[in-house]
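One structure is given below, encoded as structure tokens.
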Amino acid sequence: MIPTIKEIFSLKAEGQAVTVRGWIRTKRQTKSAVFLEVNDGSCFANIQCVFDQGSPAFQAIAPELEKATTGASASIEGTLVPSPATGQKLEVSARSIQIIGEAPADTYPLQKKAHSLEFLREQAHLRPRTNTFGAVARVRNRMAFAVHQFFQERGFQYVHTPLITASDAEGAGAMFQVTTLDLQKIAQSGTVDYEKDFFGKPAYLTVSGQLNVETYCQAMNRVYTFGPAFRAENSNTTRHLAEFWMIEPEIAFATLEDDIELAKSFITQLVKTALEDCAEDLAFFDARIQPGLVADLQKVVAGSFYRVTYTEAIDALLKSGQEFEFKPYWGCDLQSEHEKFLTEKVVGGPLVVTDYPKDIKAFYMKQNDDGKTVAAMDILVPRFGEIIGGSEREWRLDLLEKRIKDLGLDSNNYWWYIDLRRYGSTPHAGFGLGFERLLLYITGMTNIRDVIPFPRAPKLAGF
RNA sequence: UCCCCUGUAGCUCAGUUGGCAGAGCAAGUGGCUGUUAACCACUGGGUCCGGUGUUCGAGCCACCGCGGGGGAGCCA
């Protein structure tokens, strides 16, 4: 393998021979020279390759240089020299070029100009070749690695929870059914015999790994999952996907306080890593996508998270004098407008909200002594609201069983989950974080479909 | 699923009261002290999303359909 452009940029230019392979971004010509900018995705910057029109060898490579259009792949040989012009420290004084794959300018969809994100969504196979999507891909990669680093450094074990579940009772939203039955035949016969289906009963794509990961938590203490989750909700928004990646840590012998501390240090650590290791990409997002992004992220690393109870949050909304489309009252779910108001107008940064009414939260959350609230916490951030949702889990057998019954759920569907409380139960807590939402927060991108390579959403599975 | 906006050149958009289809960028050609969102000049480029209707006449008005975007709900 030849060095990547990132690796070449790390060298000291002293006239050594280099080979550059990548995709041509732009070509500029003057009477005396041809400038090619080449990118290979290893870093944000393009490397400038200069062809001297006055050199004796130029005539021989001129025809090949003609084919060097935006989007073409090329191999360029030359020497690495300090650049005499401002704009880059290094450049390649090129001796030869070979076009590997042409990209005819009259048909290649990407031009050497800015394209709208909407247009690029329809060119999902080519968009990683743009500044924006290259930067998103690098940040996504670094953040995925940072997730593992964060947990591994703290003694967490990575658990692979199943993507297919035969339990239709996870309760976190509409599910995609998985079947090997012939739907066409069923439509004709009019009956479904699930005993003949692959699993012998209805099966679905998971909406969350939480219930499964709790079982490993109750054996290994610190565990986490990081994998895809699927929701068949008909959600058409800039912050929902039908297929997304979710991070779900779970810790035993732990309370809501431990959970909040973990979540806060998790966010802080990831933002810090992005600022340190993706500085060039974040500078681009700050300049072209979300002005002020880097300063906001630096504030997150430096500052503390504000924290209120749900009850205090409702009070703050009521006393704000702000007109809301949905009038807040104790017991209501916090609406988008409420979350945005609290994070953007009241605290100007991330906000931890705890102790929600039990009626608007999931059955597995630990019930507080007041009989009204649960030990839940959400972390809300400016721009789009909830980024993390977590809780201490109800670890007491009798209270969990009663809650399941009160909500009209069938305890048979949860027999193994309930069993965890029957044998060696411990107080434990965890949270879920949508990886793409984290990326929205860190990159300043505003549509979740732009921070995953191939977005899946209602009527959207074209690539 | 609901509400709003939108669809015109390869891309981003303008298009007046209903009266000859426009610009910038991109592309092509030529020029140009090492350019870097290069610059200068010229050239080519149109199923005005589709259908129906109103009208002497529709890019523009009405209705239906399709696509795109934003907001809401649901949630991560």
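Labels below follow one simple rule: chain letters A, B, ... track the order of the sequence lines, proteins then strands, and each chain is numbered from 1.
Residue A:Asn447 places at least one side-chain N or O closer than 4.0 Å to OP1 or OP2 of B:rG70. For A:Thr237 and B:rG71, the shortest distance from a side-chain N or O to OP1 or OP2 is not below 4.0 Å. A:Ser116 has no side-chain polar atom (N or O) that falls below the 4.0 Å cut-off from OP1 or OP2 of B:rC11.
What separates CZ of A:Arg239 from P of B:rA76 is a distance of 13 Å, to the nearest Å. Spacing between atom CD1 of A:Ile388 and atom P of B:rA76 amounts to 12 Å, rounded to whole angstrom units. Across the protein-nucleic acid pair, A:Arg129 atom CZ and B:rC11 atom C1' stand 18 Å apart, rounded to whole Å. The interatomic distance linking A:Phe244 (CZ) with B:rC75 (P) rounds to 12 Å, in whole Å. Note: CG (A:Asn236) to C1' (B:rC3) measures 13 Å, nearest angstrom. Atom P of nucleotide B:rC75 and atom CE of A:Met175 are separated by 15 Å, given to the nearest angstrom. In this structure, A:Arg449 places its CZ atom 10 Å from C1' of B:rG68, rounding to the nearest Å. Per the geometry, CZ belonging to A:Phe384 stands 18 Å off P belonging to B:rC74, to the nearest Å.
Look at the P atom in both B:rG46 and B:rG22: the space between them is 13 Å, to the nearest Å. Between the P atoms of B:rU8 and B:rC60, the separation comes to 13 Å (whole Å). Between B:rG50 and B:rU12, the distance separating the two C1' atoms is 23 Å to the nearest Å. The separation of B:rC25 from B:rC42, taken at their P atoms, amounts to 12 Å, rounded to a whole angstrom. Separation of the P atoms belonging to B:rA14 and B:rA23 is 16 Å when rounded to the nearest angstrom. Here the separation of B:rG24 from B:rC32, taken at their P atoms, is 24 Å to the nearest Å. Using atom P as the reference point in both B:rC64 and B:rA27, the two lie 43 Å apart (nearest Å). Taking atom P on both nucleotides, B:rC3 is separated from B:rA38 by 45 Å, rounded to a whole Å.
A salt bridge is absent between A:Lys340 and A:Glu337; no separation between the charged side-chain nitrogens and carboxylate oxygens falls under 4.0 Å. Taking 4.0 Å as the cut-off between side-chain N and carboxylate O, A:Lys361 and A:Asp378 count as a salt-bridged pair. Taking a cutoff of 4.0 Å between a charged side-chain nitrogen and a carboxylate oxygen, A:Asp40 and A:Arg21 do not qualify as a salt bridge.
Within 4.0 Å of A:His240, counting heavy atoms only, lies at least one base atom of the nucleic acid. Residue contacts shown for A:Arg121 are limited to sugar-phosphate atoms, with no base heavy atom under 4.0 Å away. Counting non-hydrogen atoms under 4.0 angstrom, A:Asn46 reaches nothing in the nucleic acid. Residue contacts for A:Asp333: at a heavy-atom cut-off of 4.0 Å it reaches the sugar-phosphate backbone alone, with no base atom in range. When heavy atoms are screened at a 4.0 angstrom cut-off, A:Lys340 is found touching the sugar-phosphate backbone but no base atom. Using a 4.0 Å heavy-atom cutoff across all strands shown, A:Ile387 reaches sugar-phosphate atoms only and no base atom.
For A:Phe326, counting side-chain heavy atoms from C-beta on, the closest listed nucleotide (B:rG73, B:rA76, B:rA38) is B:rG73. Comparing B:rG69, B:rA76, B:rU1 by their nearest atom to the side chain of A:Leu241 picks out B:rA76. Side-chain atoms of A:Glu339 lie closest to B:rC75 of the nucleotides B:rU12, B:rC75, B:rC74. Side chain of A:Arg231, nearest nucleotide from B:rA76, B:rU12, B:rA72: B:rA76. Nearest nucleotide to the A:Glu122 side chain, out of B:rA76, B:rG68, B:rG70: B:rG68.
Toward the 5' end of RNA chain B, the nearer of the two residues A:Ala242 and A:Gln335, judged by each one's closest nucleotide, is A:Gln335. Along RNA chain B, the nucleotide closest to A:Leu460 and the one closest to A:Ile448 are compared, and the more 5′ of them pairs with A:Leu460.
Remark: of the listed residues A:Glu214, A:Arg393, A:Glu394, A:Glu214 is the sole one forming a side-chain hydrogen bond (donor to acceptor under 3.5 Å, both in side chains) with A:His428.
At a cut-off of 3.5 angstrom, counting only N and O atoms as typed in the model, there is no donor on one side facing an acceptor on the other between the side-chain of A:Ser235 and the base of B:rC75.
Ring orientation note: the planes of A:Phe266 and A:Phe151 are close to parallel, at an angle under 30° on the 30°/60° scale. By the 30° and 60° cut-offs, the orientation of the rings of A:Tyr417 relative to A:Tyr364 is perpendicular.
Between A:Phe230 and A:Tyr204, the ring centre distance reaches or exceeds 6.0 Å.
Pair check for B:rG67 finds B:rU6; Watson-Crick or G-U wobble, both atom distances under 3.5 Å. Across the strands present, B:rA62 finds its partner in B:rU52; the criterion is a Watson-Crick or G-U wobble pair with both atom distances under 3.5 angstrom.
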Q | Sequence-aligned protein contact record of nucleotides 26-35 of chain B, with B where the base is within under 4.0 Å of a protein heavy atom and S where only the sugar-phosphate is | A | SS----BSBB

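With sequence neighbours left out, A:Pro458 forms a side chain to side chain contact (heavy atoms under 4.5 Å, CB included) with A:Asn234, A:Asn236. Listed by chain and number, the residues in a side chain to side chain contact (heavy atoms under 4.5 Å, CB included) with A:Pro162 are A:Asn212 (sequence neighbours excluded).
There is no side-chain donor-acceptor pair under 3.5 Å between A:Asp355 and A:Thr309.
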